[in-house]
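As the structure lists them, so they are numbered: ligands from 1, and atoms in each ligand from 1.
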Amino acid sequence: MALASGVRFAARALLRPWALLRGTTLGRTEPAAGGGGDGARRFGSQRVLVEPDAASGVAVMKLRNPPVNALSLELLTELVISLEKLENDKTFRGVILTSDCPRVFCAGLDLTEICGRNPAHCAEYWKAMQELWLRTYLSSLVLVAAINGACPAGGCIIALSCDCRVLADNPKYRIGLNETLLGIIAPFWLKDTYVNTIGHRASEQALQLGSLFPPAEALQVGLVDQVVPEDQVQSTALSEMARWLAVPDHARQLTKNMMRKATADRLLRQRDADTQNFVSFVCRDSIQKSLQAYLEKLRQRKG
Ligand SMILES: CCCCCCC/C=C/C(=O)SCCNC(=O)CCNC(=O)[C@H](O)C(C)(C)COP(=O)(O)OP(=O)(O)OC[C@H]1O[C@@H](n2cnc3c(N)ncnc32)[C@H](O)[C@@H]1OP(=O)(O)O
């Protein structure tokens, strides 16, 4: 797809050599835990562990950025690289996205990347966030989110970009776009993704209230597709993947593109304006104060 190649080019332009070199095993593979044939050889990077199974054409991609998989610039970059690597390997048809950190799928944007940072860094960071959303939302692969922990804000962006979502039935694992509770707002392309998933009225209410839905409510509003016991999340995600892979790839990919291209194009048409809007908004003194206070509150919670 022309769009995909455009996104691919942007991803390459985004990468900085050191992000590739720092502690990554990109390109190197290591035997997966428990051995297995060469289809089970793991690869990835410092913050993203990829467990590919060539026999099934399915890879499990684990976010591994403790303690809460906060979306640092490095994690965003490594996620895009790992996904691109799987998309370019025609062995693979589907990816299950999950967390290697206990209790948390992804805590959303790494607030230290936008608190007290200069506008140039905030711009670079936001471009990486846009890139990850474009890469996942338009992926030719089947993406299943196996949500095995809390999934607020930016974590919910990743889950929403997938084709379907399986959530562990733990009341502590809440999911939603809670940006307003931090004094910030979701960008239009995230609003659009929410509306495409749970409808306009539910999105309008949930976005304004910054709702974080416990599993039963997330299922009821349509934010997730299945809620299962925690020890069944991965197996259920695999079963769901099998259901999607039963459909011929080409027809499914064309249909996915038909459904999602208009939403993605809206960002692609105004990507620079979106970046400038993000930078001017988060760099405001009032927003910086609000984010710092929120981070402080998080840090004090442990005390
Ligand atoms: C135009 C503007 C557009 C704005 C962008 C809109 C799109 C996206 C926005 C976002 O994603 S903003 C971030 C929203 N995220 C949250 O509100 C989640 C905050 N975190 C939590 O609720 C909890 O940490 C948790 C995820 C439920 C996990 O709780 P747990 O008790 O297991 O861990 P904690 O003790 O709370 O945290 C451990 C450690 O990690 C730090 N931390 C947590 N979340 C973040 C984060 N998002 N960014 C940076 N750091 C985070 C937390 O402060 C603790 O740090 P230490 O005390 O160990 O230093």
**Message:** Counting only heavy atoms not in Arg174 (residues, nucleotides, ligands), do more than 12 fall under 6.0 Å from its CZ?
**Reply:**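 Not more than 12 within 6.0 Å, no.
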**Message:** How long is the straight-line distance from CG of Asp53 back to CG of Leu238, given to the nearest 0.5 Å?
**Reply:**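 Atom-to-atom, Leu238:CG and Asp53:CG are 9.0 Å apart.
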**Asked** Got a second to check how far Leu134's CG is from Arg271's CZ, nearest 0.5 Å?
**Response** 5.5 Å
**Message:** Using side-chain heavy atoms (C-beta onward) and a distance below 4.5 Å, is Asp169 in contact with Gln232?
**Reply:** no
**Asked** Is the closest side-chain heavy-atom distance between Leu182 and Glu179 below 4.5 Å?
**Response** no
Geometry only, no angles: is [X] polar-contacting ligand 1 at N/O separations under 3.5 Å?
X      : answer
Leu111 : yes
Tyr294 : yes
Leu109 : yes
Asn178 : yes

[X] contact mode with ligand 1 (heavy-atom cut-off under 4.0 Å):
X      : answer
Arg299 : both
Arg103 : side chain
Ile184 : side chain
Leu71  : neither
Trp133 : neither
Asp110 : both

For [X], take its heavy atoms, then give the atoms of ligand 1 lying under 4.0 Å from any of them.
X      : value
Phe281 : 1 (C), 2 (C)
Ile185 : 1 (C), 2 (C), 3 (C), 4 (C), 6 (C)
Phe278 : 2 (C), 3 (C), 4 (C)
Trp126 : 5 (C)
Pro67  : 38 (C), 39 (C), 40 (O)
Val104 : 28 (C)
Val68  : 28 (C), 33 (O), 37 (O), 38 (C), 40 (O), 42 (N), 43 (C), 44 (N)
Gly108 : 11 (O)

**Asked** With distance as the sole test, does Arg93 use its side chain to make a donor-acceptor pair with the main-chain N or O of Val142 at under 3.5 Å?
**Response**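 Looks like no, no N/O pair under 3.5 Å.
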**Asked** Under a single-linkage rule joining Ile, Leu, Val, Met, Phe, Trp and Tyr whose side-chain heavy atoms are separated by less than 4.5 Å, which residues share a cluster with Leu254?
**Response** none
**Test applied, side-chain contact (heavy atoms from CB on, under 4.5 Å); reference residue, Leu160; option that passes from Asn196, Leu190, Val224, Ile175** = Leu190
If we count only N and O atoms by modelled type, under 3.5 Å, do the side chains of [X] and [Y] hold a donor and an acceptor together?
X      : Y      : value
Thr263 : Asp192 : no
Gln226 : Glu240 : yes
Asp163 : Trp244 : no

**Prompt:** Taking atom 7 (C) of ligand 1 as the point of reference, which of Met129, Lys297, Lys172, Glu179 owns the nearest heavy atom?
**Reply:**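 That would be Glu179.
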**Item:** Pick from Ala153, Gly154, Gly155, Ala107: the one approaching atom 15 (N) of ligand 1 most closely through a non-hydrogen atom
**Value:**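 Result: the heavy atom closest to atom 15 (N) of ligand 1 is in Ala107.
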**Item:** Any pair counted as side chain to side chain donor-acceptor pair (under 3.5 Å), so long as it reaches residues 201-215, sequence neighbours left out
**Value:**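 Non-adjacent pairs meeting side chain to side chain donor-acceptor pair (under 3.5 Å): Arg201-Glu204, Arg201-Gln205.
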